[in-house]
There are 2 protein chains.
Amino acid sequence: MTSRSRKPVGSREVRPDRGIPEATIARLPIYLRALTGLADRGVTSASSEELAGAAGVNSAKLRKDLSYLGTYGTRGVGYEVSYLRYQIAREIGLTQDWNVVIVGIGNLGLALAKYSGFASRGFCVAALIDTDPSRYGEKVAGLEITPLDQLDRVVAECSISIGVIATPANNAQNVCDRLVAAGVSSILNFAPIVLNVPEGVDVRKVDLSIELQILAYHEQRKANSVVDLEAGAL
Amino acid sequence: MTSRSRKPVGSREVRPDRGIPEATIARLPIYLRALTGLADRGVTSASSEELAGAAGVNSAKLRKDLSYLGTYGTRGVGYEVSYLRYQIAREIGLTQDWNVVIVGIGNLGLALAKYSGFASRGFCVAALIDTDPSRYGEKVAGLEITPLDQLDRVVAECSISIGVIATPANNAQNVCDRLVAAGVSSILNFAPIVLNVPEGVDVRKVDLSIELQILAYHEQRKANSVVDLEAGAL
DNA sequence: CATTGTGAAGTGATTCACAGCA
DNA sequence: TGCTGTGAATCACTTCACAATG
């Protein structure tokens, strides 16, 4: 098994080694989703092959990924769905619910605030922040839109550690700074800019135009290769 | 599928195309965004160091990435912003605009339909599709919501090759199949399921809960390491 | 005996470090 | 001189292939 020298020597092992590759971590939620789907359909046990199919990866990768968490399968049989599901949820940190603040209640922020899927996946939208005074007090999904300058209070009161930025690009860095100052240390950024954050703060970004552009690149290449074929270029 | 627009024929000496790493392709849109930002601020020239800063990557990676496209810099000087911007846009396939259809005009679909940022980035939302008859004909951002069974016609009429799925999970595979049947070969999927598509169709997925869960994992680890420190465990 | 768990091999991406050029 | 472009080295991730095992 593992035994790489990470930290400067531990006098002893604290928990089964925390060296899970980032790529694996990014897939754990997918496995969780797949397991929940199987459980909902009444499936109680699944092989790595079946699970991998449901998650859209190959089975070797799935087994390797799971091996970083521990040995939760049974050789010759497979994995018990609900048990594995629990183990992954625990690993991700979903034994507790996480409170989230959404900043920027425009079209996208509104959609996120109303999205019902977060609750079942371990997240609770606990506060909505905007900077437009005309919207203060407006209720969305049972929550009042609150001014940005109350961020510190709201973050503290609700024990919020995850912030979602859904503002236009020109406000995003400012909002980000305010979130960090308020104590938020994980940020999901929808604004199309690179955020600067201090050490210790995690940022993940979702830029829809970028996703489309990546598709466009491949789309263009498909179109071109058709042209090539028609021209007998190969 | 329409679209051809290739370079002025192919007796070019070096075809820099073949084999740009996927990781590089995924960053080209980021460089494009950074260059646009610089251009907007009147910057006409930038070193790899400056550009990399604006894009949130290190300069070695940026130079290596750009080297796959061609040699667009000047040693000792840097890169001409507008020239490089054009070259990247061309590489991605943004010399043309891409028509996009959004399927599922719920909260998220609505937000996407209204989002003004697509236009400036090479995309035009050309059609909105839903399955709820009570919404047929409703106008959003100047477009009528159209029934799913008119997808084929709409895709053909508007030469659409990119589809966005913003439906609930239970409709998504069906919608996906319909899109593919209609001739769409690139799909951006917001539904929290794994889509099955035939060879040659590209899918990119955005799952907001998964992004939050990845943040939660790191958040949990930060919290735990604080506990470890307090307990003197290291 | 079917299936897991995992070393070893393979592949791809990143970073280093410096030659080559304006 | 200063910065790009790029081989070589390194690091990270994936896949292979099979011994271990319930």
Side-chain angles (χ1 to χ4, degrees), chain A residues 1-6 16-31 34-35 38 43-81 83-85 87-88 91 214 217, chain B residues 13-14 16 18-31 34-35 38 43-81 83-85 87-88 91 214 217-218:
Chain A
M1 241 264 237
T2 51
S3 72
R4 46 184 152 296
S5 49
R6 284 203 340 115
D17 185 45
R18 249 74 264 276
I20 302 181
E22 196 54 39
T24 295
I25 290 157
R27 283 188 295 267
L28 293 181
I30 301 175
Y31 301 152
L35 287 161
L38 290 172
V43 178
T44 59
S45 169
S47 67
S48 64
E49 200 69 54
E50 294 167 314
L51 223 62
V57 302
N58 73 51
S59 63
K61 191 187 283 183
L62 178 128
R63 288 200 305 278
K64 178 70 95 179
D65 283 341
L66 295 184
S67 77
Y68 292 114
L69 310 192
T71 64
Y72 297 137
T74 307
R75 288 169 199 245
V77 179
Y79 301 88
E80 213 238 297
V81 170
Y83 177 61
L84 181 58
R85 205 185 87 80
Q87 293 298 342
I88 293 178
E91 189 70 38
I214 296 170
Y217 171 86
Chain B
E13 60 263 86
V14 187
R18 268 297 156 187
I20 300 181
E22 195 55 38
T24 295
I25 291 159
R27 282 188 295 267
L28 293 181
I30 301 175
Y31 301 151
L35 287 162
L38 291 173
V43 178
T44 59
S45 169
S47 68
S48 64
E49 200 69 53
E50 294 167 315
L51 223 62
V57 303
N58 73 51
S59 62
K61 192 189 282 183
L62 178 128
R63 288 201 304 278
K64 177 70 98 180
D65 283 342
L66 295 184
S67 78
Y68 292 115
L69 311 190
T71 65
Y72 297 136
T74 308
R75 286 167 202 247
V77 179
Y79 301 88
E80 212 239 298
V81 170
Y83 177 61
L84 181 58
R85 208 186 86 78
Q87 293 299 342
I88 293 179
E91 189 69 39
I214 296 169
Y217 171 85
H218 293 293

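These numbers were taken from a predicted model, which means no experiment stands behind them.
The distance from atom CD of A:E22 to atom C1' of C:dT14 is 16 Å, rounded to the nearest whole Å. Counting to the nearest Å, the P atom of C:dT6 and the OH atom of A:Y68 are 10 Å from each other.
Proximity of B:L28 to B:E91: side-chain heavy atoms (C-beta onward) are separated by under 4.5 Å at one or more points.
Counting any heavy atom pair closer than 4.0 Å across all strands shown, B:E49 reaches no nucleic acid atom.
For A:R27, the salt bridge (Lys or Arg N to Asp or Glu O under 4.0 Å) test picks out A:D65, with sequence neighbours left out.
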- Heavy-atom protein contacts under 4.0 Å, nucleotides 15-22 of chain C, coded B base, S sugar-phosphate only, - none: B-B-BBBS
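In this structure, A:L35 CG and A:L84 CG are separated by 5.0 Å, a value rounded to the nearest 0.5 Å. Here A:S47 contributes atom OG and A:R63 contributes atom CZ; the two are 9.0 Å apart, rounded to the nearest 0.5 Å. Between the OG1 atom of B:T24 and the OH atom of B:Y68 there is a distance of 5.5 Å, given to the nearest 0.5 Å. For the atom pair CG of B:L51 and OH of B:Y31, the computed distance is 8.5 Å after rounding to the nearest 0.5 Å. For the atom pair OH (A:Y217) and CD (B:E22), the distance works out to 8.0 Å, reported to the nearest 0.5 Å.
Protein chain A contacts DNA chain D from D:dC13 to D:dG22, reading 5' to 3' and using non-hydrogen atoms of the protein with a distance under 4.0 Å.
When the side-chain nitrogen and oxygen atoms of A:Y72 are compared with OP1 and OP2 of C:dT3, none of them lie within a distance under 4.0 Å.
Considering A:T74, A:L66, A:L38 in turn, A:L66 is the only one that fulfils the side chain to side chain contact (heavy atoms under 4.5 Å, CB included) rule with A:Y79.
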